[in-house]
Amino acid sequence: MKNVQRLYAAVLLILLALWLFADPLLAQPYSFFGLRGSLVQGTGIVALGVMSVGMMLALRPVRIEPFLGGLDKMYRLHKWLGITALVVAVLHWLWAKAPKWLVGWGLLERPARQPRPEPASELLRWMQAQRHLAESLGEWAFYAAVILIGLALVKRFPYRYFYQTHRLMAVVYLVLVFHGLILLDTGFWRSPLGPVMALLMAGGTVAACVSLLRRVGLRRQAVGEVAQLVRHTDNQVLQVVIQLKDRWAGHEAGQFAFVTFDDAEGAHPFTISSSWRGDGRLVFLIKGLGDYTSKLPDTVKVGDVVKVEGPYGRFKFECSQPRQIWVAGGIGVTPFIARLLALADAPALRTKTIDLFYSTSAPDENFLAKLRQAAAAAQVRLHILISPRDGRLDAERICQTVPDWHNASIWFCGPAGFGAALRSGFTARGLAPEDFHQELFELR
């Protein structure tokens with residue numbers, strides 16, 4: 001997460017620094033309307049800049065996954081940038097609108113307008129003629145962005161509608177690019193800010209077009225067929241076996257993929273719970289946690305054609321410590337099952353002593369039997385805790401069970417609150433933060 005925080009801070013600081021360096025109004029004697037004009041420009045630059053970076057991240061660029069720690073961390077950065085763009089855009093709108101309201105209410109006097117100098121080129125004259133249109137379109141695009149970003153942040157807003165509405169952000173962004181190109185002060189284009197904003201808007205425009213054409217992740221997609229379905233009724237888990245018909249580059253245990261069972265619903269991320277054996281077979285364990293996943297057992301059938309995009313993620317069990325402690329909560333056991341199968345297939349990978357703690361409130365005996373079998377084949381010590389019977393699993397309990405935990409890295413997958421409590425408990429006992437590994441499986 002440190003690199004995510006650093007990149008987020010770097011984007012903001014670079015945009016602010018370039019704006020302050022280029023803005024001549026800050027060096028002039030104070031006047032309210034002069035300051036207002038400066039802040040309208042500055043907030044617009046920051047809002048459009050962070051939105052451009054967010055648009056490019058929406059393409060799921062795998063080359064920067066290693067730096068950010070995985071696509072899940074990349075989407076966390078995408079979310080932060082979206083919220084920042086929303087907040088700064090509101091400030092931009094207020095600086096543009098509030099002084100006009102104050103003038104209309106007689107609380108503020110507008111200075112006499114100075115005639116604009118005649119533009120030197122035909123392009124600049126055309127841009128000046130578009131200012132009113134750019135202001136009007138930008139205002140309506142702002143209102144649309146507030147609604148769309150707000151809906152994306154509401155977890156109860158159904159994913160099906162989120163998938164359909166969030167793509168409209170690409171259209172809104174393109175309108176805001178036009179707004180920014182026309183209304184950005186011409187002096188800024190001659191400063192270092194100009195090329196940076198040009199690159200950001202160009203990259204964001206390409207990303208928006210790719211999104212509108214539905215070509216995000218196209219090169220990493222494969223078509224498959226549902227080959228087998230197994231219901232685990234006690235824990236409401238559906239095992240879906242997919243046989244791919246296209247080439248698949250392979251995956252490592254702990255990675256995930258976007259699976260599209262229904263084009264209208266869109267792609268959903270699921271952890272791959274099988275090791276890669278080169279046979280085109282992928283297994284997903286899907287818990288009925290929401291409207292869509294709860295209905296899957298009744299809607300998905302053997303023989304259905306599906307699309308799989310991936311693999312993504314950096315939850316790859318790589319560390320320098322001699323021990324590993326895996327902690328799974330509920331359906332968070334899926335990446336560990338994949339790793340167990342990989343260790344069973346390749347004994348040479350068994351270079352570490354591993355304890356797997358699995359906490360569940362809804363045990364399924366058939367599911368648990370398969371987990372015990374996989375753990376035994378991988379030579380991993382398995383600790384199963386049924387929370388209504390055994391109580392809550394916490395850092396203290398793990399440390400008592402594994403006295404040598406100081407020489408281990410912690411790998412967690414499960415509910416966010418459970419993970420936060422474990423991270424806090426272990427770091428309070430001296431665990432280095434970078435030795436606690438966790439996927440952030442909230443991609444919206």
Side-chain angles (χ1 to χ4, degrees), residues 1 4-5 7-8 11-12 43-44 46-61 64 68 70-93 138-177 179-180 200-201 203-217 256 258-260 262-270 289-293 309 312-313 415-417 439-444:
M1 283 294 291
V4 172
Q5 295 166 350
L7 183 54
Y8 172 76
V11 170
L12 285 178
T43 51
V46 173
L48 188 54
V50 297
M51 192 177 291
S52 298
V53 177
M55 286 299 305
M56 289 185 277
L57 291 178
L59 292 183
R60 304 197 269 269
I64 65 173
L68 294 179
L71 185 64
D72 57 316
K73 313 298 190 301
M74 195 185 307
Y75 267 89
R76 177 62 60 88
L77 176 59
H78 174 82
K79 180 178 179 178
W80 289 354
L81 292 170
I83 294 172
T84 302
L86 175 62
V87 172
V88 179
V90 169
L91 294 175
H92 176 77
W93 177 79
E139 182 175 352
W140 286 106
F142 162 74
Y143 298 141
V146 169
I147 294 172
L148 293 174
I149 296 175
L151 289 175
L153 296 174
V154 176
K155 298 293 179 62
R156 293 187 178 183
F157 187 60
Y159 186 91
R160 171 191 291 261
Y161 302 122
F162 160 77
Y163 169 76
Q164 295 170 349
T165 58
H166 202 60
R167 193 183 299 120
L168 296 175
M169 277 300 302
V171 178
V172 172
Y173 173 79
L174 292 174
V175 174
L176 291 174
V177 166
H179 173 83
L200 288 176
M201 287 189 284
T205 298
V206 171
C209 293
V210 171
S211 176
L212 289 172
L213 293 172
R214 302 191 179 190
R215 299 182 67 85
V216 175
F256 66 93
F258 289 90
V259 184
T260 303
D262 178 0
D263 286 333
E265 176 69 24
H268 283 251
F270 299 110
L289 296 174
D291 291 343
Y292 173 70
T293 51
E309 179 196 330
Y312 297 104
E439 283 220 305
L440 307 173
F441 233 94
E442 294 182 355
L443 298 188
R444 54 173 289 195

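Predicted model only: the values in this text are computed from it and were never measured. Only heavy atoms go into these numbers, but all of them, side chains included; no hydrogens, no water, no symmetry mates.
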Check [X] against [Y] and note the closest heavy-atom contact, atom names and distance.
X	Y	result
Gly217	Tyr312	CA-OH, 4.2 Å
Gly54	Leu81	N-CD1, 3.9 Å
Glu265	Tyr292	CG-CE1, 3.3 Å
Leu71	Arg60	CD2-CD, 3.6 Å
Leu212	Ala170	CG-CB, 3.7 Å
Met51	Ala85	CE-CB, 4.0 Å

What's the separation between atom [atom1] in [X] and atom [atom2] in [Y], rounded to the nearest 0.5 Å?
X	Y	atom1	atom2	result
Ile149	Met169	CD1	CE	4.5 Å
His179	Glu139	NE2	CD	9.5 Å
Tyr163	Asp263	OH	CG	7.0 Å
Leu57	Met74	CG	CE	6.5 Å

Is the Phe162 ring parallel, tilted or perpendicular to the Tyr159 ring (thresholds 30°, 60°)?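 Phe162 and Tyr159: tilted rings.
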Return the orientation label for the Phe256 and Phe258 ring planes: parallel under 30°, perpendicular over 60°, tilted otherwise.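 The rings of Phe256 and Phe258 stand perpendicular, inter-plane angle above 60°.
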Taking C-beta and beyond as the side chain, do [X] and [Y] meet within less than 4.5 Å on heavy atoms?
X	Y	value
Val11	Leu77	no
Val146	Trp93	no
Leu153	Lys79	yes
Trp140	Val175	no
Arg160	Asp262	yes
Phe142	Val172	no
Val50	Val88	no

Looking only at atom types and distance, does a side-chain atom of His268 sit under 3.5 Å from a main-chain N or O of Val259, one as donor and one as acceptor?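 The answer is no, because no donor-acceptor pair under 3.5 Å joins these two groups.
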Backbone N or O of Met201 within a donor-acceptor pair of the Thr205 side chain at under 3.5 Å?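 The answer is yes, because a donor-acceptor pair under 3.5 Å joins these two groups.
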Full working for side-chain contact (heavy atoms from CB on, under 4.5 Å) between Thr165 and Phe157: CA-CA 11 Å; Thr165 58; Phe157 187 60; 3.8 Å; yes
Please indicate whether Tyr143 has more than 12 foreign heavy atoms, meaning atoms of other residues, nucleotides or ligands, lying under 6.0 Å from its OH.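 Above 12, so yes.
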Run the side-chain contact (heavy atoms from CB on, under 4.5 Å) check on Trp80 and Leu12 step by step: do they pass? CA-CA 11 Å; Trp80 289 354; Leu12 285 178; over 6 Å; no
Can you list the steps and then say if Met55 with Val206 is a side-chain contact (heavy atoms from CB on, under 4.5 Å)? CA-CA 9 Å; Met55 286 299 305; Val206 171; over 6 Å; no
For Tyr173, check ring-ring contact (aromatic ring centres under 6.0 Å, His included) against everything at least two apart and list the hits.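 Not a single residue meets the ring-ring contact (aromatic ring centres under 6.0 Å, His included) criterion with Tyr173.
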